[in-house]
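Here's the structure, in C-alpha cells; my notes come after.
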2 protein chains.
Amino acid sequence: MALNRDRVLHAAVALADDNGIDALSMRNLAQELGVVPMALYKHVANKEQLLDGMVDAIVAEIDPPATDGTDWKPAVRQRILSARKVLLRHPWASRVIESRATPTPAVLDYINSLIGMFLAGGFSLPLTHQVMHTLGSRMWGFTQELFPSPPVTDPEAAAAAMAMLGARWPHIVQIATAGAHTEGGLIVGGGCDDQFEFEFALDLLLDGFDRLHREGWAATSR
Amino acid sequence: MALNRDRVLHAAVALADDNGIDALSMRNLAQELGVVPMALYKHVANKEQLLDGMVDAIVAEIDPPATDGTDWKPAVRQRILSARKVLLRHPWASRVIESRATPTPAVLDYINSLIGMFLAGGFSLPLTHQVMHTLGSRMWGFTQELFPSPPVTDPEAAAAAMAMLGARWPHIVQIATAGAHTEGGLIVGGGCDDQFEFEFALDLLLDGFDRLHREGWAATSR
DNA sequence: ACCTGAACACCGTTCAAGT
DNA sequence: ACCTGAACACCGTTCAAGT
C-alpha cells in the first residue's frame with residue numbers, strides 16, 4: 001500500500017497516542033511506516049507541517065455544533081465539553097495546539113463557529129472579543145495543570161510526602177487535600193483537572209459572560 | 001572568574017531573553033560562557049535542571065505580597081499583575097513554566113502565598129481549591145494567546161489578508177477588528193494579549209470568586 | 001512520481017582523562 | 001575540585017541518485 005498524507009498523519013497520531021509526543025520523531029515515524037525518513041518529506045513539508053496535520057486530524061473529531069435553536073450557553077458548553085472529550089483521548093494534543101505558530105484551517109473553523117454562537121446569542125462584537133480571550137485555552141476543553149500530581153505510589157509514602165511538603169508550604173497541602181477526590185483521605189489523587197474542576201471554571205466563565213451581556217457591557221477604558 | 005551555578009543560570013536567562021528559548025542549548029550556553037559544554041554539568045545536573053533554575057531565577061523577581069491589611073482582591077490582583085510584568089520581560093518564561101514536570105521551590109512559594117491570600121480573605125478550603133484551578137496559568141499573569149497575530153507587514157497587505165480570511169471565517173475577522181487597538185482601523189495589531197484583555201479576564205474571575213464566596217459556595221455534586 | 005543513501009549540521013549526555 | 005576531548009546515540013533536513 002502506497003504512502004500518502006493521510007497514512008502519515010494517522011500513523012503520527014497513533015504513535016503520539018501510544019508512546020507520547022516525545023517519541024514522535026521523523027525517524028521513528030518513518031520506521032513505524034516501514035520507510036526511510038526522507039520518504040515522509042514527499043507528503044509533509046517538514047515536522048511543523050506534520051504537527052499541523054495532526055491537529056487538524058483530531059480537531060475533526062470534535063462534534064459539530066448543535067443546529068437546533070438552543071440557547072447560546074448550553075450550545076457553547078456542549079461544544080467545549082465535546083472538545084474536551086477529544087483531547088482526553090489524545091493527551092499530547094493540548095500542548096501541540098498551544099505550540100502551533102499559525103492556526104490551521106480546522107482550528108479556524110472551530111474558533112469561527114464558537115464566535116458565531118455568542119453572536120447568535122446577541123453578544124456585541126467587543127464583548128465577544130473579550131469573551132474569546134477570556135476563554136483562552138479553555139475553549140479546547142483543557143486547563144493548564146498547575147498542581148502536578150505526584151506519581152501515585154503507596155498511600156503511606158504519599159502521606160509522608162504530604163507531611164514534608166506541609167512543613168514549608170502548608171497552604172498548598174491544605175488545598176490539595178481539600179480537593180482530593182478520595183473519600184475523606186489525605187492523598188492527592190492523580191490529576192486534579194477532572195471533570196468537576198473543569199466544569200466549575202467553565203460555568204464560572206459562562207455565567208460571567210452572561211451577566212456582562214445582560215448588563216450591556218461596553219469597553220470603558222478606551 | 002570561576003564558573004558557578006549562578007553565573008550559568010543568569011547566562012542562560014540572558015541567552016533566552018536575547019535569542020529566544022530555541023537558541024538555548026547546552027552547547028550554545030557553554031560557548032557564551034567561553035567553556036566546553038561538559039563544564040556546565042558540574043553546576044547543573046542536566047538541561048531540565050537548568051530550566052528549573054531559570055524559572056526560579058525569574059520567579060524571584062516577582063514583588064513580594066503586600067503585607068498591610070488590604071483586602072484579598074486588590075492584594076491578589078496586584079501580585080498577579082506583578083508576575084505579569086516579570087513574564088513580559090522574559091517572553092520565554094510562560095512556556096517554560098508550563099513545561100516543568102515538577103514545580104520548583106520558588107514556584108511552590110508563590111502558589112502557597114497566593115492561596116494564603118484567599119484563605120486570609122475568609123475563603124473556605126474547597127472554594128479556594130476550585131479558585132486556584134480556575135485561575136490556572138492566569139496566576140502567572142499570562143493568557144495563552146489563541147489568535148496568533150500575523151506578522152505586521154504593510155497595512156495594505158494586512159487588509160488584503162483580512163479580506164481573504166473573512167471569506168471563510170467571517171466571525172473571526174469581525175472579532176479581530178472589533179478588538180483591534182488602532183484608531184478605527186481594520187488592522188489587527190500585533191498581539192492581543194495586552195493589559196486590557198488580561199485585566200478584563202482577571203477581574204471577571206476575581207468578581208466571580210467574590211460572588212461565590214459571599215454566597216457561601218459549597219461543592220454540591222459530591 | 002515516489003523512494004533511497006549518504007551526508008551535514010546540529011542535539012544532550014557518557015566516560016576516561018587531564019590539571 | 002573543576003574542566004577537557006573524544007565519543008555515542010540521537011535529531012531534522014539537504015542533495016543527488018536511483019526506479
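Throughout, protein chains are lettered first and strands after them, A, B, ... in sequence-line order, and every chain is numbered starting at 1.
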Take atom [atom1] of [X] and atom [atom2] of [N], then tell me their distance rounded to the nearest Å.
{"X": "B:Leu51", "N": "C:dT13", "atom1": "CG", "atom2": "P", "value": "10 Å"}
{"X": "A:Tyr41", "N": "C:dA6", "atom1": "OH", "atom2": "P", "value": "18 Å"}
{"X": "A:Leu50", "N": "D:dC11", "atom1": "CG", "atom2": "P", "value": "14 Å"}
{"X": "A:Leu3", "N": "C:dA1", "atom1": "CG", "atom2": "C1'", "value": "13 Å"}
{"X": "B:Lys47", "N": "C:dT14", "atom1": "NZ", "atom2": "P", "value": "15 Å"}
{"X": "B:Arg7", "N": "D:dC3", "atom1": "CZ", "atom2": "C1'", "value": "13 Å"}
{"X": "B:Glu48", "N": "C:dC11", "atom1": "CD", "atom2": "C1'", "value": "14 Å"}
{"X": "A:Asn46", "N": "C:dA9", "atom1": "CG", "atom2": "P", "value": "20 Å"}

If the cut-off is 4.0 Å, is [X] near the phosphate of [N], judged by side-chain N/O to OP1 or OP2?
{"X": "B:Asn28", "N": "C:dC10", "answer": "no"}
{"X": "B:Asn4", "N": "D:dC2", "answer": "no"}
{"X": "A:His43", "N": "C:dC3", "answer": "yes"}

Interatomic spacing from [atom1] in [X] to [atom2] in [Y] - rounded to 0.5 Å:
{"X": "B:Met54", "Y": "B:Asp17", "atom1": "CE", "atom2": "CG", "answer": "7.5 Å"}
{"X": "B:Ile62", "Y": "B:Leu87", "atom1": "CD1", "atom2": "CG", "answer": "6.5 Å"}
{"X": "A:Leu40", "Y": "A:Met38", "atom1": "CG", "atom2": "CE", "answer": "8.5 Å"}
{"X": "A:Phe118", "Y": "B:His171", "atom1": "CZ", "atom2": "NE2", "answer": "12.5 Å"}

Using both distances under 3.5 Å as the test, list the Watson-Crick or G-U wobble partner of C:dT14, or none.
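Pair assignment: C:dT14 / D:dA6.
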Can B:Trp72 and B:Phe209 be said to form a ring pair (Phe, Tyr, Trp, His ring centres under 6.0 Å), step by step?
CA-CA 11 Å; B:Trp72 69 267; B:Phe209 301 158; 7.4 Å; no
Side chain of A:Arg27: nearest nucleotide among D:dA7, D:dG12, D:dG5?
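Looking only at side-chain atoms, A:Arg27 lies closest to D:dG12.
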Measure from the side-chain heavy atoms of A:Met38 and tell me the nearest of D:dA6, D:dT13, D:dC3.
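So the side chain of A:Met38 is nearest to D:dT13.
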Between A:Ala39 and B:Pro37, who's closer to the 5' end of DNA chain C by nearest nucleotide?
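It is A:Ala39, whose closest nucleotide lies nearer the 5' terminus.
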Relative to the 5' end of DNA chain C, which residue comes earlier, A:Lys42 or B:Lys42, by the nucleotide with the nearest heavy atom?
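That would be A:Lys42.
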